[in-house]
Amino acid sequence: MIRYELLKSILPIIRDHLVVCNIGAPSQELYALDDQETNFYMLGTMGLCSSIGFGLALAQEKTVIAIDGDGSVLTNLATLSTIGNHQADNFILLIVDNGSYGSTGDQPTYTSGRTSLAKVAAACGCENTASVPAENVGEVLREAIAMRRQSVIIAECQSGNVDVPVIDLDPVNIIERFKTQIQDI
Amino acid sequence: MATATDQKIVDSLARCGVGFLTSVPCKQLAGVIELADKSDQFMHVPCNKEDEGMGLCAGAYMGGRQSCIIMQNTALGVVVNTLATLIQFYHIPLPMLISYRGEIGEKVACQVEMALHTKAILDQLHIPTYHFSDSRDVQRLDGILTHAQMSRKPIAVLTDATFWRSAQ
Ligand SMILES: [Mg+2]
């Protein structure tokens with residue numbers, strides 16, 4: 001399963017929740033699949049998806065799903081220790097681990113080598129960390145939401161992107177509609 | 001030990017509605033961080049690096065909390081991309097309370113190197129910048145914090161060694 005197929009499979013689950021989505025291919029694919037005002041698309045700033053999602057989860061009570069990637073998490077690994085040391089029961093970090101930098105042409109990341117993000121996250125103090133085959137992510141995600149427990153789900157995916165357009169939304173529009181939705185959902 | 005000036009800064013943050021703070025450790029700002037951490041007015045989440053901290057602040061803002069980052073000026077070398085593509089691009093208000101190392105009174109020569117670039121980087125990014133060099137400058141903080149919220153921009157408060165000495 002590639003990222004696009006994984007996103008497609010979890011659409012019915014994430015649609016009703018606050019989603020912070022990683023820069024590049026992940027946001028573009030999610031936008032093309034199912035644009036929701038409850039989606040915050042990152043248009044820049046590689047590496048901060050997990051941090052933005054966690055700040056959002058700490059600041060309010062609704063469930064937040066941050067959809068990050070292996071390459072991006074590797075650029076901001078230390079945020080896993082911030083997440084591991086603070087409790088936000090409404091926070092789910094979903095790391096799409098396809099072992100490659102998808103947005104720049106699928107160059108390999110170190111998770112395709114010897115690096116295990118699941119072990120890093122666990123060592124950083126993140127409880128409920130699990131590496132899950134892409135096919136089973138929906139089930140695990142559903143349970144994490146229902147149990148309302150802070151979780152890190154590492155989705156084991158194949159490398160590969162789908163050809164979708166660049167997001168044409170204005171950033172201020174993205175953030176304003178998102179902030180409005182938080183009050184309504 | 002926190003000083004009266006530290007208390008004034010923390011009171012100003014609370015009065016102006018700041019509800020989320022992130023910080024990296026700093027000797028000069030230690031008293032402010034200590035008081036803020038003890039206060040139940042704020043959620044304080046220390047960060048490992050300032051770009052991470054700005055991500056946390058952006059998220060907290062989206063969740064309805066005004067946020068503020070406490071950092072050193074050397075970190076401006078780390079956060080240029082984050083300021084431009086996240087904070088400024090999405091119009092996120094973000095006061096940066098900055099310890100201005102490397103100014104008159106500095107004991108560590110290397111700190112002067114980033115001090116030389118501090119205002120140039122802020123100018124280049126068109127970030128409103130306020131330089132505190134006397135403890136009485138604290139009186140300006142309410143207005144500055146309000147201005148950041150109103151304009152939805154990052155703003156920088158540079159607190160130098162002379163400010164902290166006069167604040168003893
Ligand atoms: Mg990847």
Side-chain angles (χ1 to χ4, degrees), chain A residues 18-20 22-24 38-64 66 68 72-73 75-88 90-91 93 124 169-183, chain B residues 17-25 33 36-37 40-71 75 78-95 125 149-154:
Chain A
L18 301 174
V19 174
V20 177
N22 192 24
I23 176 181
T38 46
N39 293 346
F40 179 78
Y41 305 109
M42 289 181 69
L43 301 175
T45 337
M46 179 159 172
L48 294 190
C49 177
S50 304
S51 310
I52 296 170
F54 193 56
L56 173 63
L58 287 167
Q60 53 80 53
E61 291 183 342
K62 282 160 188 155
T63 297
V64 175
D68 213 332
S72 294
V73 167
T75 70
N76 185 22
L77 266 186
T79 207
L80 293 173
S81 68
T82 306
I83 293 165
N85 280 278
H86 295 268
Q87 197 57 39
N90 56 339
F91 182 64
L93 173 55
C124 283
L169 296 176
D170 185 270
V172 179
N173 180 12
I174 293 173
I175 196 168
E176 287 306 320
R177 65 181 204 164
F178 186 86
K179 285 176 66 196
T180 306
Q181 283 298 310
I182 289 184
Q183 283 135 35
Chain B
V18 171
F20 184 91
L21 281 168
T22 190
S23 66
V24 285
I33 295 171
D37 195 63
D40 50 15
Q41 304 252 22
F42 312 102
M43 181 178 281
H44 175 223
V45 181
C47 60
N48 302 287
K49 211 168 180 184
E50 297 78 0
D51 53 350
E52 181 207 3
M54 288 187 182
L56 294 168
C57 285
Y61 166 72
M62 284 154 57
R65 281 181 186 249
Q66 288 185 35
S67 45
C68 172
I69 184 166
I70 298 175
M71 59 192 253
V78 173
V79 294
V80 171
N81 178 56
T82 303
L83 282 167
T85 66
L86 180 64
I87 305 301
Q88 291 181 322
F89 198 45
Y90 288 89
H91 291 199
I92 296 169
L94 183 63
L125 290 169
Q149 293 305 322
M150 181 281 293
S151 59
R152 299 189 196 182
K153 288 184 189 301

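All values derive from a computational prediction rather than experimental measurement. Protein chains get the first letters and strands the later ones, always in sequence-line order, with residue 1 at the start of each.
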### Message
A quick test of your reading: do over 12 heavy atoms of other residues, nucleotides or ligands sit less than 6.0 Å from CD of A/Gln87?
### Response
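Yes.
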### Query
Residues two or more places apart in sequence or in another chain: which of them pass ring pair (Phe, Tyr, Trp, His ring centres under 6.0 Å) with B/Tyr90?
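B/Tyr90 satisfies ring pair (Phe, Tyr, Trp, His ring centres under 6.0 Å) with A/Phe40 only.
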Output the option from [options] having the highest count of non-hydrogen pairs under 4.5 Å with chain A.
options	value
B/Lys49, B/Arg152, B/Met54	B/Arg152
B/Leu86, B/Asn81, B/Leu56	B/Leu56
B/Ala58, B/Ala84, B/Ala60, B/Cys47	B/Ala60

#### Entry: Partners meeting side chain to side chain contact (heavy atoms under 4.5 Å, CB included) with A/Thr38 (sequence neighbours left out)
A/Leu18, A/Gln36, A/Gln181, A/Ile185
### Task
Could you tell me whether the side chains of A/Ser51 and B/Glu52 share a donor-acceptor contact shorter than 3.5 Å?
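Side-chain D/A pair, A/Ser51 to B/Glu52: absent.
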### Minimum side-chain heavy-atom gap A/His86-B/Pro46 below 4.5 Å
yes
### Which of A/Leu48, A/Thr45, A/Val64 touches chain B most, by non-hydrogen pairs under 4.5 Å
A/Thr45
### When A/Leu43, A/Asn76, A/Ile182 are compared by non-hydrogen pairs under 4.5 Å with chain B, the top option
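Max contact count across the listed options: A/Leu43.
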### chain B contact via A/Glu176 - which portion, at a heavy-atom distance below 4.5 Å
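Contact with chain B: side chain only.
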### Message
Can you tell me which portion of A/Leu58 sits under 4.5 Å from chain B's heavy atoms? Options are side chain, backbone, both or neither.
### Response
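For A/Leu58, heavy atoms of backbone and side chain both lie under 4.5 Å from chain B.
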#### Entry: Least distance between heavy atoms, A/Thr79 atom then B/Asn48 atom
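Result for this residue pair: N-ND2, 4.1 Å.
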## Note on the structure
Interatomic distance, CD1@B/Ile92 vs CD1@A/Ile175, rounded to 0.5 Å, equals 4.0 Å
## Note on the structure
Honestly, the part of B/Met62 sitting under 4.5 Å from a heavy atom of chain A is both
